[in-house]
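The structure appears below as structure tokens.
In what follows, every heavy atom counts, from backbone to side chain, and hydrogens, waters and symmetry copies are set aside. Chain A is the first sequence line, chain B the second, and so forth, proteins listed ahead of strands; every chain is numbered from 1.
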There are 2 protein chains.
Amino acid sequence: MDAGETAVETIQREMTAFARRARASAGRMHPELSLVSYTLLGHLEESGGCRATDLAAHYALDKSTVSRQVSALERAGLVERRQDPEDHRVQVLDLTEAGRRILAQVTVRRRAAVRERLTDWPQEDLERFAGYLVRYNGGSAAAPPGDD
Amino acid sequence: MDAGETAVETIQREMTAFARRARASAGRMHPELSLVSYTLLGHLEESGGCRATDLAAHYALDKSTVSRQVSALERAGLVERRQDPEDHRVQVLDLTEAGRRILAQVTVRRRAAVRERLTDWPQEDLERFAGYLVRYNGGSAAAPPGDD
DNA sequence: ACTGGTGGTTGCATAGTACAACTCGATGCG
DNA sequence: CGCATCGAGTTGTACTATGCAACCACCAGT
């Protein structure tokens, strides 16, 4: 196996390991906001409000899954649904004040956890790593960070 | 926010995005081997056989979860259980031939999918990215952030 | 008005998970 | 030795996330 294969193999293995860990403990750290709920709220904040269908498409989730997640978030008072006056099929979703607050809290906690692992990393490495992740995840080198 | 914060923020977001995507698509890609099953088989291969308790500890899973996963893998003919002659409480788990074969197949497919996203990456970037991931995941045994 | 397409909800099934209670065997202590 | 304790694993129960399919409501084009 050449060096390229070795690097690909390592990347595959490490990404797998990460995904498994994230999944295994997704609910433990932020009992009030699951990983999926967190990313949905994050997307609402970034996008400034969107439709359930947009969330489903963006996250490759079934619309029924999004529907239920959104219902839960609404029950929890973190998002609001507004009827689109232009199209009565559509519900435009947006964060409530409480939603914004919780999202900010969880973001801070998550970022702290990430930063924890990144202590001692030189600034240059942080930036390169961030760049690689963006490039890997998106093909989206163009998209703004956290686009997703 | 300074550049360091921005990089940390991006890393956090991208790792989260990746975890979510992996989770969403884990089952679709390899219907016969879920992400968790895959990692368990992988660990058995690396370790050359271990106990269910070791798997649980390594992956921060409840022993009941591992028990059921292992049962499923055994039913599928991918792992074997052997009584430890030293301690009759213990079952040493190991891959069967079929388990090895499936694991190899899925590894190839997963690696191909990863390589797909890494086409056009210069060798130097591949190696650096792999190194960053190892470093990020590695110190993490204690408090994996995606893990939380 | 009919037809087809889109946004969303609900019923049903499944996977993965945790926690608690349990069994069985090992280990240690009086 | 006999009993208490510990460790490995299993099983019962419950919950969450998820997908698919069926369905309803609405929009738009013909």
Side-chain angles (χ1 to χ4, degrees), chain A residues 16 19-41 49-76 79-94, chain B residues 16 19-41 44 49-76 78-94 147-148:
Chain A
T16 300
R20 185 199 36 68
R21 284 207 197 104
R23 166 159 206 170
S25 62
R28 289 201 277 268
M29 184 173 174
H30 315 294
E32 76 281 16
L33 204 55
S34 76
L35 182 63
V36 170
S37 295
Y38 173 72
T39 58
L40 294 183
L41 289 190
C50 68
R51 303 173 309 165
T53 294
D54 299 333
L55 293 176
H58 194 76
Y59 292 114
L61 292 169
D62 192 81
K63 59 185 181 168
S64 66
T65 299
V66 173
S67 173
R68 285 184 243 265
Q69 290 284 329
V70 168
S71 295
L73 291 173
E74 189 188 31
R75 273 197 304 280
V79 307
E80 281 172 342
R81 305 159 121 123
R82 285 178 285 109
Q83 283 284 316
D84 182 338
E86 309 278 296
D87 183 340
H88 283 225
R89 292 170 303 181
V90 169
Q91 298 174 357
V92 179
L93 307 171
D94 210 348
Chain B
T16 300
R20 183 196 36 67
R21 285 209 194 103
R23 175 173 192 166
S25 67
R28 288 198 277 268
M29 190 167 160
H30 317 293
E32 75 282 15
L33 203 56
S34 77
L35 183 62
V36 171
S37 295
Y38 174 71
T39 57
L40 293 183
L41 288 189
L44 287 181
C50 68
R51 304 175 307 164
T53 294
D54 299 333
L55 292 176
H58 192 77
Y59 292 113
L61 292 170
D62 192 82
K63 58 185 180 168
S64 66
T65 299
V66 172
S67 174
R68 286 183 240 267
Q69 289 285 330
V70 168
S71 294
L73 291 173
E74 189 189 29
R75 272 197 305 281
L78 306 183
V79 307
E80 282 173 343
R81 308 158 119 121
R82 283 179 285 110
Q83 283 284 315
D84 182 338
E86 308 279 295
D87 183 339
H88 283 226
R89 293 170 303 181
V90 170
Q91 299 173 357
V92 179
L93 307 171
D94 209 349
D147 164 20
D148 304 77

Whole-Å distance separating the CG atom of B:Leu35 from the P atom of D:dA17: 18 Å
Expressed as a whole number of angstroms, how long is the span from B:Leu40:CG to C:dA15:P? 16 Å
B:His58 meets the ring-ring contact (aromatic ring centres under 6.0 Å, His included) criterion, sequence neighbours left out, with B:His43
Can you check the B:Arg81 CZ to D:dG9 P distance for me, whole Å? 9 Å
Heteroatom pairs (N/O) under 3.5 angstrom, protein to nucleotides 12-16 of chain D:
| from | atom 1 | to | atom 2 | distance (Å) |
| --- | --- | --- | --- | --- |
| D:dG12 | O6 | B:Arg68 | NH2 | 2.1 |
| D:dT13 | O4 | B:Arg68 | NH2 | 3.2 |

Measure all distances between protein nitrogen or oxygen atoms and nitrogen or oxygen atoms of nucleotides 24-27 of chain D, and list the pairs falling under 3.5 Å.
| from | atom 1 | to | atom 2 | distance (Å) |
| --- | --- | --- | --- | --- |
| D:dC27 | OP1 | A:His88 | N | 3.1 |

Between OH of B:Tyr38 and C1' of C:dG16 the distance, given in whole Å, is 19 Å
Once salt bridge (charged side-chain N to carboxylate O under 4.0 Å, His left out) is applied, do any residues pair with B:Arg81, and if so which ones, sequence neighbours excluded? B:Glu74
Using a heavy-atom cut-off of under 4.0 Å over every strand shown, decide if A:Val36 touches base, sugar-phosphate, or nothing. sugar-phosphate
Under 4.0 Å from OP1 or OP2 of C:dA18: is there any side-chain N or O of B:Thr65 that close? yes
For D:dT10, does either OP1 or OP2 sit under 4.0 Å from a side-chain N or O belonging to B:Ser71? no
Selection residues 56-67 of chain B - residue pairs positive for salt bridge (charged side-chain N to carboxylate O under 4.0 Å, His left out), sequence neighbours left out: none
So, do A:Leu73 and A:Leu93 sit near enough that their side-chain heavy atoms are less than 4.5 Å apart? no
Value in whole Å for how far the C1' atom of D:dA22 lies from CG of A:Asp62: 12 Å
Please give, in whole Å, the distance from C:dG7 P to A:Arg51 CZ? 5 Å
Considering residues at least two apart in sequence or located in another chain, which fulfil the salt bridge (charged side-chain N to carboxylate O under 4.0 Å, His left out) criterion with A:Arg68? none
Compare all side-chain heavy atoms of A:Thr65 with those of A:Leu55 and state whether any distance is below 4.5 angstrom. no
Test of understanding: with salt bridge (charged side-chain N to carboxylate O under 4.0 Å, His left out), list the residues that count as partners of A:Asp54, not counting sequence neighbours. A:Arg51
Who pairs with B:Thr39 by side chain to side chain donor-acceptor pair (under 3.5 Å), at least two apart in sequence or on another chain? none
What is the bend of the helix from C:dA1-D:dT30 to C:dG30-D:dC1 when you compare the axis at one end with the axis at the other, using five pairs each and rounding to 10°? 10°
Just how far, in rounded Å, is P of D:dA8 from CG of B:Leu93? 13 Å
Distance check: side-chain N/O of B:Ser67 vs OP1/OP2 of D:dT10, anything under 4.0 Å? yes
Hey, are the side chains of A:Gln91 and A:Gln83 touching, using non-hydrogen atoms and a 4.5 Å cut-off? yes
Do A:Val79 and A:Asp94 come within less than 4.5 Å of each other through their side chains, counting heavy atoms only? no
With sequence neighbours excluded, tell me which residues meet side-chain contact (heavy atoms from CB on, under 4.5 Å) with A:Val36. A:Ser34, A:Leu40, A:Leu61, A:Gln69
Atom CG of A:Asp54 and atom C1' of C:dG7: how far apart are they, to the nearest Å? 10 Å
Contacts of type side chain to side chain donor-acceptor pair (under 3.5 Å), residue B:Asp84, not counting sequence neighbours: none
